[in-house]
Amino acid sequence: MATPLVVSDVEKSFTMHLRDGVTLPVVAGVSFSIRAGECAVLGGPSGAGKSSILKMLYGNYAVDEGQIIVQHENGLIDLASASPRTVLAVRRRTIGYVSQFLRTVPRVSALDVVAEPLVERGEDREAARAKARSLLAQLNLPEKLWALPPATFSGGEQQRVNIARGFITEHPILLLDEPTASLDAKNRDVVVELIAAKKAAGVALLGIFHDLDVRDAVADRVIDVTAFAAGKVAA
Amino acid sequence: MTDEPLLRVSALSKFYGSRVGCENVTFDLWPGEVLAVVGESGSGKTTLLNCLSTRLLPSSGTASYRVRDGQWRELYRMSEAERRFLMRTDWGFVHQNPADGLRMTVSAGANVGERLMAVGDRHYGKIRATAVDWLSRVEIDEDRIDDEPRAFSGGMRQRLQIARNLVTGPRLVFMDEPTGGLDVSVQARLLDLLRGLVTDLGLAAIVVTHDLAVARLLSQRMMVMKDGRVVESGLTDRVLDDPRAPYTQLLVSSILQV
């Protein structure tokens, strides 16, 4: 089976120059791989480095050591050392990301926020909007909200816009950072269904879920992040 | 997506006597890419922008631009006439103060039309129609077309300046603090407008700003400057989420949370 994502010996620490150059180790020796059609879940207590790992995989955090090998357009790319331009291309085509919080843009409607990743991939705007509508309907976002910018939405409503935006594309790898954190039971079930559909479509998923029911419903395997603890040195 | 950059800058430096304007700046810019240059006043970001747009000649270093026919031209070896032609057609320059980029005593329509005439358009009706179209794209009512920008608010002037720059279909736009000096609500509208135009037109842009939120919203890549040097560069969200250089950490940690 295809393995579109291989992480090997990744290490990350933060150097706080404003605090006399104190170094905060985050993780070390992070090694795992994700197969196509599989959903792996990062496990471990808060502060273990789960989000940091996701952010390194998406290029939001720099990587100190190690490799992140991604299958991208019939080739292999090491994201840990890739140029910004390559990282952007990987985000457009290969790795999708559902963040914990939606970063809203003034004046852009919820519908267009959701459709945007498809438009960026060159899809027709109306076709992208049609897909966005069906996803927002599936996630039970009231139709009267679709034309409004999400800045004033409730946490759960924003989260659903965010999920729709993340799930609308057909990225072969999808990263999920607590996508169900502020959802009610009914919508959590919708997300579980969406994840199942992605798995069936052969997408490799890696997520963080604090909700145990959701985690049990979607996880094929839990990756214990405490195994990658970087030995917290007294700051 | 083409695999050739649009602009190649190598070891660009500008000295004012013994004082450093900007030093040893190197980067490539690809078509459709928005690069933010951030730093506080005096960091050299405006000097860099002025060198790149050939409003200022650097002390050393090179910058090459791929013109429309695919040829690479060295900016500082072009004749004055060639540079002016580039400025009028393939490039745009959005000044912080709209009065620097507009002609304040001719009508809004003429401000937009003038750039079209510079590229050889002569048909009055066509020029006026294009001007109307561009005014509406920057959300200025058609019935203001014969008014002078002197009678416009700051936000409207800035939008007019953007229309004037984009009407010739440039491939590269330089922006110097495009939202500086505007009210926050006006800023948001302008940013949203700029973001939409840049995406729709596939423009490459170099945006100088001291506002990290503006950089986050508009750019994919970012360079942080201090004392004339680039202290950090990379993907915009990487630089802002995981700043590595001491100065970038200071900048990011100084943002006020609302």
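Throughout, protein chains are lettered first and strands after them, A, B, ... in sequence-line order, and every chain is numbered starting at 1.
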Quick check for you: among A:E120, A:H17, A:K55, which has the greatest number of heavy-atom pairs under 4.5 Å with chain B?
A:H17
Results of salt bridge (charged side-chain N to carboxylate O under 4.0 Å, His left out) for B:D211 - residues two or more places apart only
none
Looking only at the side chains, is there a donor atom on one of A:H210 and A:E178 sitting less than 3.5 Å from an acceptor on the other?
yes
Going by distance alone, is a donor N or O of one side chain under 3.5 Å from an acceptor N or O of the other, for A:S13 and A:T23?
no
Measuring heavy-atom distances to chain B, does A:Y58 have an atom under 4.5 Å in its side chain, in its backbone, in both, or in neither?
neither
Region of A:R19 in contact with chain B, defined by heavy-atom distances below 4.5 Å
neither
Within the structure provided, determine whether B:L250 and B:S254 are in side-chain contact (heavy-atom separation under 4.5 Å).
yes
Side chain from CB out, backbone as N, CA, C, O: work out which of these in B:R244 comes under 4.5 Å of a heavy atom of chain A, or both, or neither.
both
What part of B:S233 gets within 4.5 angstrom of chain A, counting heavy atoms only: side chain, backbone, both, or neither?
neither
Pairing of A:R85 and B:E33 as salt bridge, 4.0 angstrom limit:
no
When heavy-atom pairs shorter than 4.5 Å are enumerated against chain A, which of B:D241, B:D28, B:D192 gives the highest number?
B:D192
